[in-house]
Amino acid sequence: MTDTRAALVETARLSIARGSKSFAAASKLFAPVVRERAWLLYAWCRACDDLVDGQDHGHDRTIVTDARARVARVRALSDAALDGEPTGDPAFDALGVVARETGLPRRFVHDVIDGFQLDAEDWRPRSADDLYRYCYHVAGAVGLLMAVVMGVSPDDDATLDRACDLGLAFQLANIARDIEEDARVNRCYLPVDWLVEMDMPPGEHMKPPYRERLAVLARRLATRAQLHEDSAAIGTKALSFRSAWAVLAAAGIYGDIAREVAARGPRAWDHRVTTSKGAKLAWIARAGLKAARRQSLPDTPRDPRLWTRPRCPPPVIPAQAGIQTRRSVDRNATSEVLNSRLRGNDGTG
């Protein structure tokens, strides 16, 4: 191992402070041991994302030309860390520490890496189901890992589904907020079916004539994020008070991003949406009250109409049916008939 555990924890603390002020604020609510493990896991996630996307703590992203090699390196370093081998990289050694301390399932780690593989393969979602599968790999599976860090059994599928819901909510918010930033590096995570439905040619969705239609899709993403955020709250009943407090604070802080994108409409991408320090503090206070009352939440079964994570995800093969690469996108794809529950108030009826 490249450093002592204390040094790895400090490096991880600095990483989350630079990479996500929202998550950094929420993480302080965890019990000390859980907090450190959350930082260690974040450091690995952040390092993987930065390495694959050619960026620094989520900023200054560049177009990379060796994405597959970068993902292969992430996979090799991660597997070495899980095998208990020193990697020479504090972020990957951090994964090894938290995996040994909590028993992180290797399959969940691989699910996250498979999300990076999708990006490396120039992947684009054709349908809403494709979008959700991507969100699962890059965020829902992280929710599963965090649940285990917080003490949830890897066999507790009901609670893990709720943890996955929160990851999905976070990623849907990310996608809505970052549509313009993604377009600058020639990426788009809006399903082709949705673009066709709005009569927006793929690759041209950021042009001024399409801003009103793009705002409709952003509201759709925000509506879906809210549904998953609400579902995730039920899962906090299985957590300790401090873990529930941190989770509910993060949900509220990050949920405000999606809600603000929806509220701004066509101007959502003029300036990056952020959550103010005051708003973060307000959510921390509100989340504390919610966490204290979490056991009074109704034991409502998870809505079966919500997208549900695959129990045994198939291998990521970008050319398979329903998975589109940029070169194979069919501009004449038929529009998706959305489930009326999921459409909600997204502005499409």
Side-chain angles (χ1 to χ4, degrees), residues 37-38 41 44-45 48 71 74-75 78-79 81-83 95 98-100 102-121 123 125-172 174-175 189 191 224-225 227-239 243 247 251 299-324 336 338-339 341-342:
R37 290 170 177 169
L41 180 62
W44 172 73
C45 294
C48 291
V71 174
V74 163
R75 199 179 295 276
S78 299
D79 280 336
L82 293 174
D83 290 337
L95 173 67
V98 72
R100 286 190 294 278
T102 64
L104 293 179
R106 186 180 291 255
R107 68 184 184 277
F108 293 167
V109 173
H110 284 180
D111 283 351
V112 175
I113 298 172
D114 285 345
F116 298 124
Q117 189 72 50
L118 285 171
D119 280 331
E121 297 291 346
W123 171 92
R126 181 187 184 111
S127 66
D129 187 66
D130 292 344
L131 169 64
Y132 272 116
R133 285 186 176 273
Y134 175 76
C135 289
Y136 165 73
H137 282 293
V138 301
V142 176
L144 304 183
L145 292 170
M146 268 303 304
V148 175
V149 165
M150 290 184 286
V152 176
S153 168
D155 299 321
D156 184 352
D157 283 333
T159 302
L160 291 179
D161 283 343
R162 304 288 187 169
C164 181
D165 277 325
L166 190 57
L168 297 177
F170 287 164
Q171 188 60 26
L172 291 168
N174 271 339
I175 290 172
Y189 297 106
R224 289 171 178 245
L227 292 171
H228 286 283
E229 181 184 333
D230 293 343
S231 177
I234 304 297
T236 61
K237 298 179 71 171
L239 304 178
S243 289
V247 166
D299 290 316
T300 307
R302 187 175 181 276
D303 190 334
R305 290 169 292 187
L306 291 177
W307 189 91
T308 301
R309 66 186 173 96
R311 291 295 183 266
C312 296
V316 176
I317 306 175
Q320 69 187 12
I323 302 295
Q324 301 295 306
E336 170 200 26
L338 293 173
N339 179 290
R341 167 77 168 90
L342 292 177

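Side-chain atoms are counted along with the backbone in the values below, which use heavy atoms only and exclude waters and symmetry mates.
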* Give the minimum heavy-atom separation between Ala225 and Ala169, together with the two atoms involved. => O-CB, 3.4 Å
* For the ring pair His228 and Tyr132, is the centre-to-centre distance below 6.0 Å? -> yes
* Structure fact -> Nearest heavy-atom approach of Ala120 to Val71 is CB-CG2, 3.6 Å
* **Nearest atoms (heavy-atom pairs only) where Arg309 meets Cys164** => CB-SG, 3.8 Å
* Structure fact -> One should read off an interatomic distance between Asp111 CG and Leu144 CG, to the nearest 0.5 angstrom, of 7.5 Å
* Got Asp130 and Trp123 here, is their nearest side-chain heavy-atom distance under 4.5 Å? -> yes
* **Presence of salt bridge, Asp161 and Arg311, under 4.0 angstrom** => yes
* Structure fact -> dist Asp230:CG -> Thr300:OG1 (nearest 0.5 Å) comes out at 11.0 Å
* Please walk me through it: do Arg37 and Thr102 pass side-chain hydrogen bond (donor to acceptor under 3.5 Å, both in side chains)? -> CA-CA 9 Å; Arg37 290 170 177 169; Thr102 64; over 6 Å; no
* To do: List the atom of Leu160, the atom of Pro154, and the distance in Å for their closest heavy-atom pair.
  => CD1-O, 3.3 Å
* Asked: Does Ser127 reach the side chain of Pro191, with side-chain heavy atoms less than 4.5 Å apart?
  -> no
* Once you round to the nearest 0.5 Å, how far does SG of Cys45 lie from CG of Leu145? -> 6.5 Å
* Are Asp79 and Arg106 close enough for a salt bridge, meaning some N to O gap below 4.0 Å? -> yes
* **Check: Pro105 and Val148 side chains under 4.5 Å, non-hydrogen atoms** => yes
* **Rounded distance [0.5 Å steps], OG in Ser78 versus CG in Leu95** => 5.5 Å
* Side chains of Met150 and Val247: closer than 4.5 Å at any heavy-atom pair? -> yes
* Taking only Lys NZ, Arg NE, NH1 and NH2, and the carboxylate oxygens of Asp or Glu, determine whether Asp114 and Arg75 approach each other closer than 4.0 Å. => yes
* **Under 3.5 Å side-chain donor-acceptor pair for Thr159 and Asp156** => yes
* To do: Kindly indicate, with the supporting measurements, whether the criterion side chain to side chain contact (heavy atoms under 4.5 Å, CB included) is fulfilled by Val98 and Trp44.
  => CA-CA 10 Å; Val98 72; Trp44 172 73; over 6 Å; no
* **Any donor-acceptor N/O pair, Thr236 side chain to Leu239 backbone, under 3.5 Å** => no
* Pair Thr308, Arg302: side-chain N/O donor-acceptor within cut-off below 3.5 Å -> yes
* Asked: Step by step, would you call Tyr134 with Asp119 a side chain to side chain contact (heavy atoms under 4.5 Å, CB included)?
  -> CA-CA 9 Å; Tyr134 175 76; Asp119 280 331; 2.9 Å; yes
* **For Asp299, side-chain hydrogen bond (donor to acceptor under 3.5 Å, both in side chains) partners two or more places apart** => Lys237
* **Phe170 side, atom CZ; Cys135 side, atom SG - distance, nearest 0.5 Å** => 13.0 Å
* Asked: Side chains of Asn174 and Tyr189: donor-acceptor distance under 3.5 Å anywhere?
  -> no
* Asked: Roughly how far, to the nearest 0.5 Å, is the CG atom of Leu172 from the CG atom of Leu131?
  -> 6.0 Å
* Please test Phe108 against Val112 for side chain to side chain contact (heavy atoms under 4.5 Å, CB included), starting from the C-alpha separation and ending with a verdict. => CA-CA 7 Å; Phe108 293 167; Val112 175; over 6 Å; no
* Structure fact -> Correct closest heavy-atom pair for Leu82 and Ala99 would be CD2-CB, 3.6 Å
* Are Val149 and Leu104 close enough that some pair of their side-chain heavy atoms sits under 4.5 Å apart? -> yes
* To do: Evaluate the criterion salt bridge (charged side-chain N to carboxylate O under 4.0 Å, His left out) for residue pair Asp129 and Arg133; output intermediate values, then yes/no.
  => CA-CA 6 Å; Asp129 187 66; Arg133 285 186 176 273; 3.4 Å; yes
